[in-house]
Amino acid sequence: MAKFKKDVVTETPEISTTSLPDIIFMLIFFFMVTTSMRESTIMVEQRLPHASEVKKLDNKSLISYVNMGAPLKAYQNLFGTNTRIQLNDKFAGVDDIQDFIASERAQRSENDQKLMTTALRVDEKVKMGLVTDVKQALRRVGALKISYLTVKGNPF
């Protein structure tokens, strides 16, 4: 009578890694497609004031940002330490706001132009006179929807 031997497997089988590069590339493409990059680099100091009544803005694609504050240390050699206005990725003056709003309107459809909002990111140390000048420039262009960006907290 013949004897049967059991096949004893002493090693665990290797895991196939041939599809691993495909999975990694699919994940990279997914994140590249779904992630939006920051549209502009903040070049001014941004210590936003605190506010108790805060509301989240709905459609962020219709917001144009006007940043005000002292330039960051990297830009102080070129632009000094006085308060500056930043529109997109460059420093500008109050007179440049009209052109900025006109270019922002031109990039959007006619229906979205009515819904555009101008958001002011104003550092705590900025004088109110500059904010008033910016608001007057926005009023001359007809950009009447203005919001102030703040941090939720106790204002005092």
Side-chain angles (χ1 to χ4, degrees), residues 17-156:
T17 59
T18 54
S19 62
L20 190 61
D22 294 335
I23 294 170
I24 291 173
F25 282 119
M26 283 182 6
L27 287 173
I28 289 172
F29 287 129
F30 172 76
F31 287 119
M32 287 174 57
V33 170
T34 59
T35 304
S36 64
M37 297 299 208
R38 180 177 284 191
E39 294 177 5
S40 64
T41 304
I42 303 295
M43 299 186 306
V44 295
E45 291 182 10
Q46 294 282 301
R47 288 185 41 198
L48 300 176
H50 294 270
S52 59
E53 299 295 324
V54 179
K55 182 181 174 189
K56 198 169 192 172
L57 295 173
D58 294 331
N59 194 352
K60 291 187 178 183
S61 65
L62 298 175
I63 299 173
S64 301
Y65 294 97
V66 176
N67 302 304
M68 289 183 264
L72 294 176
K73 288 186 179 183
Y75 302 102
Q76 286 182 355
N77 290 338
L78 295 172
F79 300 104
T81 58
N82 292 335
T83 302
R84 306 285 299 213
I85 299 171
Q86 179 189 347
L87 305 172
N88 287 336
D89 283 336
K90 61 182 178 181
F91 289 112
V94 175
D95 298 333
D96 298 327
I97 290 176
Q98 294 176 351
D99 295 333
F100 170 70
I101 295 297
S103 69
E104 291 287 316
R105 282 184 180 154
Q107 295 173 0
R108 294 183 172 88
S109 68
E110 190 170 318
N111 292 335
D112 290 342
Q113 289 178 2
K114 298 171 190 171
L115 304 173
M116 281 183 52
T117 302
T118 304
L120 301 178
R121 281 190 196 136
V122 183
D123 189 61
E124 290 178 334
K125 297 177 183 174
V126 172
K127 304 277 185 187
M128 194 60 198
L130 180 63
V131 176
T132 304
D133 292 343
V134 169
K135 286 173 53 180
Q136 293 295 329
L138 290 171
R139 184 178 294 169
R140 284 191 292 268
V141 180
L144 302 176
K145 289 182 72 175
I146 298 173
S147 66
Y148 294 94
L149 299 181
T150 62
V151 177
K152 189 172 186 176
N154 187 3
F156 302 105

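FYI, side chains are in, hydrogens and waters are out, and symmetry mates aren't considered; it's all heavy atoms of this structure. Residue numbers count from 1 along this sequence.
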Got [X] and [Y] here, is their nearest side-chain heavy-atom distance under 4.5 Å?
X      : Y      : result
Glu104 : Asn88  : yes
Arg108 : Leu62  : yes
Leu57  : Ser147 : yes
Lys127 : Thr83  : no
Arg105 : Met116 : yes
Leu130 : Val94  : yes
Leu120 : Met68  : yes
Leu87  : Ile97  : yes

[X] (side chain) donor-acceptor with [Y] (main chain) under 3.5 angstrom:
X      : Y      : result
Thr35  : Met32  : no
Asp96  : Gly93  : yes
Gln86  : Thr41  : yes
Arg139 : Val134 : no
Gln98  : Val141 : no

**Q.** Pair Asn111, Ser109: side-chain N/O donor-acceptor within cut-off below 3.5 Å
**A.** no

Q.
For a quick check under 3.5 Å, do Asp22 and Ser19 share a side-chain donor-acceptor pair by atom type?
A. no

Just how far is it from atom [atom1] of [X] to atom [atom2] of [Y], taken to the nearest 0.5 Å?
X      : Y      : atom1 : atom2 : answer
Ile28  : Ile23  : CD1   : CD1   : 12.5 Å
Asp133 : Met128 : CG    : CE    : 10.0 Å
Ile42  : Tyr65  : CD1   : OH    : 9.0 Å
Met43  : Gln76  : CE    : CD    : 13.0 Å
Glu45  : Tyr75  : CD    : OH    : 13.0 Å
Tyr148 : Arg121 : OH    : CZ    : 15.0 Å

Q.
So which atom in Gly80 and which in Pro71 form the shortest heavy-atom distance, rounded to 0.1 Å?
A. O-CG, 3.4 Å

Q | Considering all heavy atoms, the nearest Leu48-Val122 contact | A | CD2-O, 3.7 Å

Q) Can Arg84 be said to sit on top of Phe91's aromatic six-ring, NZ or CZ under 6.0 Å from centre and within 45° of the ring axis? A) yes

Q | Asn154, CG: over 12 other non-hydrogen atoms inside 6.0 angstrom | A | yes

Q: Tell me, yes or no, whether the heavy-atom count around Glu110 atom CD, taken from other residues, nucleotides or ligands under 6.0 Å, exceeds 12.
A: no

(Q) Using the rule given for side-chain contact (heavy atoms from CB on, under 4.5 Å), can you reason through Ile63 versus Thr118, listing the C-alpha separation, both sets of side-chain angles and the distance that settles it, and then say yes or no? (A) CA-CA 6 Å; Ile63 299 173; Thr118 304; over 6 Å; no

Q: Go through the steps for Ile146 and Thr117 under the test side-chain contact (heavy atoms from CB on, under 4.5 Å), then give the verdict.
A: CA-CA 6 Å; Ile146 298 173; Thr117 302; over 6 Å; no

